[in-house]
Amino acid sequence: MTVALSTLPGEAAPVAERPVLEVEELVVEYASRSRTTRAVDGVSLAIAPGEIVGLAGESGCGKSTLGNAIMQVLRPPARIASGRVLFHGEDLVRLSGEQLRRHRWRNVSMVFQSAMNALNPVLRVSDQFVDMMRSHERVSKRDAVGRAGELLELVGIDRRRLRAYPHELSGGMRQRVIIAMALALEPELVIMDEPTTALDVVVQREILQQVRELQRARGFAVLFVTHDLSLLLELAHRVAIMYAGEIVEVAPAAALRDDARHPYTAGLLSSFPPLTGPVERLSGIPGSPPDLAAPPSGCRFHPRCPHCVPGDTALHRRQVAERPVLREVAPGHLVACHLVEEGL
Amino acid sequence: MSVLEVRGLSKEFGAGGVLHRARLHAVDDVSFSLRPGRITALAGESGSGKSTVARLIARLYDPTAGKVLFGGHVVGRRRRDALRYRSQVQLIFQDPFGSLNPAKTVRHHLARPLRIHGLASRRDVRARVEELLETVGLVPPAAIADKYPHELSGGQRQRVAIARALAVEPRVVVADEPISMLDVSIRVGILNLMRDLKERGIAFLYVTHDLASARYVADDILVMYAGQVVEQGPVDQVLAGPLHPYTRLLIESVPDGHGGLAPIELRRGAAAAAVDPAPGCRFVDRCPLAIGVCRERTPALVEARPGQAARCHVTAPAPTNREDIHAQPAA
């Protein structure tokens with residue numbers, strides 16, 4: 001399978017080749033005694049080497065669950081009900097605990113939403129690097145500290161800060177430490193789940209710029225999970241939009257910005273007031289995201305969709321009864337919407 | 001004519017130090033006024049003092065210096081004055097989950113202020129509650145009124161909080177980050193509601209870290225950095241042509257969705273309020289334009305363009321300072 005990529009200004013697109021990661025028809029369920037909730041419901045997504053893929057959606061749409069499933073860090077009651085997560089063709093779902101331990105950090109690493117609180121408060125930054133590196137490879141403590149220093153400098157922190165305890169660093173610095181750790185073993189894929197959401201806009205900008213530069217220099221792939229679509233349009237090669245456990249649209253970033261085809265994507269785009277140009281009244285999206293324990297029938301977006309007009313029409317019957325599937329509308333641009341299927 | 005005016009407002013907090021003498025200057029000499037039917041945005045990063053200003057206006061804190069004038073008068077300390085002020089100046093908080101009582105219905109939340117402030121007779125309360133719910137777009141009001149907070153979505157809860165603020169017919173509403181905890185797709189609805197409500201003559205102070213939403217709803221903007229207002233003016237004018245280098249940095253940091261992540265010059269530093277600040281400009285260590293005088297004298301807010309003022313020796317020099325600035329070589 002090949003993957004089409006968009007080009008960022010002033011940069012050649014990464015060459016399409018065999019994906020580093022393929023998610024196939026993944027279903028993740030949260031089971032409780034009374035009910036089962038499908039947080040991820042039949043998601044397929046591929047990431048090429050060196051590609052930045054953005055995953056956008058609102059709270060509760062399953063985007064973080066998808067990230068956790070790829071990293072294989074789901075905790076009960078969440079479990080993968082079906083589907084595969086392939087890393088270079090190898091199904092991670094079937095790996096043993098010890099195989100997974102070796103796989104994480106080395107092949108795929110993850111920066112969590114509140115990663116700045118993930119550092120051990122009673123260990124110096126250097127010790128946390130050393131522990132992580134030495135659990136994966138034979139390296140002397142001295143070499144590990146040396147490499148940790150280089151990594152800190154890569155993310156813009158003075159290497160003398162290796163001796164600091166986490167509480168002596170600001171939130172932005174702690175987040176950068178975590179990013180440096182995630183890159184330490186040179187993984188091919190880094191999953192970043194809202195890595196800058198808790199940070200101020202200037203710090204966020206600074207970190208994103210560094211991630212982008214490092215990614216360009218080292219060539220790892222990124223799955224960047226966030227609710228902030230405007231940020232992804234700047235950062236990502238390709239963007240996937242998730243709604244109620246499903247991917248409803250995937251497209252190169254520029255195509256998504258200029259030619260969004262799914263009404264939910266269009267609604268999200270018109271939920272961000274612009275910083276320049278005329279101030280027009282925006283509409284947002286009426287209603288709120290559904291409860292995944294009892295998702296709407298048919299197209300899950302239909303209760304909020306401006307194009308779903310009740311009436312005795314064939315289109316409306318499909319919208320409320322039939323789940324739309326992803327179809328390619330342009331090279332690399334996939335949409336799951338009955339309107340598109342009907343050529344409207 | 002302003003309905004609420006803030007003059008030279010300052011708030012210091014103890015910050016430890018020898019003999020507990022260190023002082024955190026959370027808010028330092030802030031002045032502005034709010035006018036009926038206008039939304040004023042108070043923008044800044046975390047720790048810049050913007051929420052402290054909101055709390056000072058709500059009288060949750062006493063100021064260290066300066067005053068808050070309501071209708072041209074200093075608000076008295078007597079209970080009756082305080083009660084009247086609190087009904088005229090209402091607050092909306094960031095967290096619509098924490099600001100509603102989980103054990104009480106929506107109707108209770110809206111009826112209570114009506115009774116306390118004697119704004120509706122027992123007979124009229126029901127009708128007034130439903131009218132308020134309709135005003136904030138919660139329909140059908142009769143059904144919503146009997147719900148409990150946990151039965152509502154985040155956006156609906158924030159609308160209840162806004163309806164509660166409106167119940168007492170306030171002249172001023174201070175909204176402290178009212179959309180930052182809401183889902184992206186429902187934020188615009190709350191912003192549109194604020195735009196509609198200002199048509200009723202309410203003066204809004206919209207506290208936010210989000211410049212794009214400030215531009216969308218507000219008429220005027222105040223930008224705070226380390227406890228001080230560093231720039232103020234009409235929001236379109238300020239965002240299209242910022243005077244202060246910090247305002248410029250903030251604007252450049254906002255993702256605009258147009259691809260490329262154009263690199264901007266970044267110098268480390270925090271917008272948080274200063275402990276025992278030295279004289280001089282608080283932005284000086286991060287400023288690409290800094291000159292000698294910036295480390296010596298704190299710049300005053302100077303109106304460098306009609307309606308637009310900034311605290312910057314370089315881009316908004318005070319008339320008396322102009323000569324010695326030109327005499328100094330750039331540092």
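These values consider heavy atoms only, across backbone and side chains, with no hydrogens, waters or symmetry-generated copies. Quick caveat: nothing in here was measured; it's all calculated off a predicted structure. Quick note on labels: first sequence line is chain A, next is B, and so on, each numbered from 1.
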Open item on the list: Less than 4.5 Å to any heavy atom of chain B: does that hold for the side chain of A:Gln204, its backbone, both, or neither?
Closed with: side chain
Open item on the list: Could you measure the distance from the CG atom of B:Leu182 to the OG atom of A:Ser288? Nearest 0.5 Å is fine.
Closed with: 10.5 Å
Task: Side chain to side chain, B:Arg215 and A:Pro274, heavy atoms closer than 4.5 Å - done: yes
- [ ] Can you check whether anything in residues 186-200 of chain B gets within less than 4.5 Å of chain A, heavy-atom wise, and list it by number?
- [x] B:Ile186, B:Arg187, B:Val188, B:Leu191, B:Asn192, B:Arg195, B:Asp196
TODO: Could you tell me which portion of B:Leu239 (side chain, backbone, both or neither) has an atom closer than 4.5 angstrom to a non-hydrogen atom of chain A?
DONE: side chain
Open item on the list: Would you say that more than 12 heavy atoms from the other residues, nucleotides or ligands in this model lie under 6.0 Å from the CZ of B:Arg35, or not?
Closed with: no
- [ ] Please state whether the side chain, the backbone, both or neither of A:Pro286 comes within less than 4.5 Å of a heavy atom of chain B.
- [x] neither
Task: Contact summary for A:Arg205 and B:Val254, nearest pair of heavy atoms - done: NH1-O, 4.1 Å
Open item on the list: With a sphere of 6.0 Å drawn around CZ of A:Arg159, does it hold more than 12 non-hydrogen atoms of other residues, nucleotides or ligands?
Closed with: yes
Task: Pick from A:Val201, A:Asp258, A:Leu282, A:Leu232 with the largest number of heavy-atom pairs that fall under 4.5 Å of chain B - done: A:Leu282
Open item on the list: With a 4.5 Å cut-off on side-chain heavy atoms, are A:Glu280 and B:Tyr216 touching?
Closed with: no
Open item on the list: Quick check on the structure: residues of residues 154-162 of chain B within a heavy-atom distance below 4.5 Å of chain A, by number.
Closed with: none
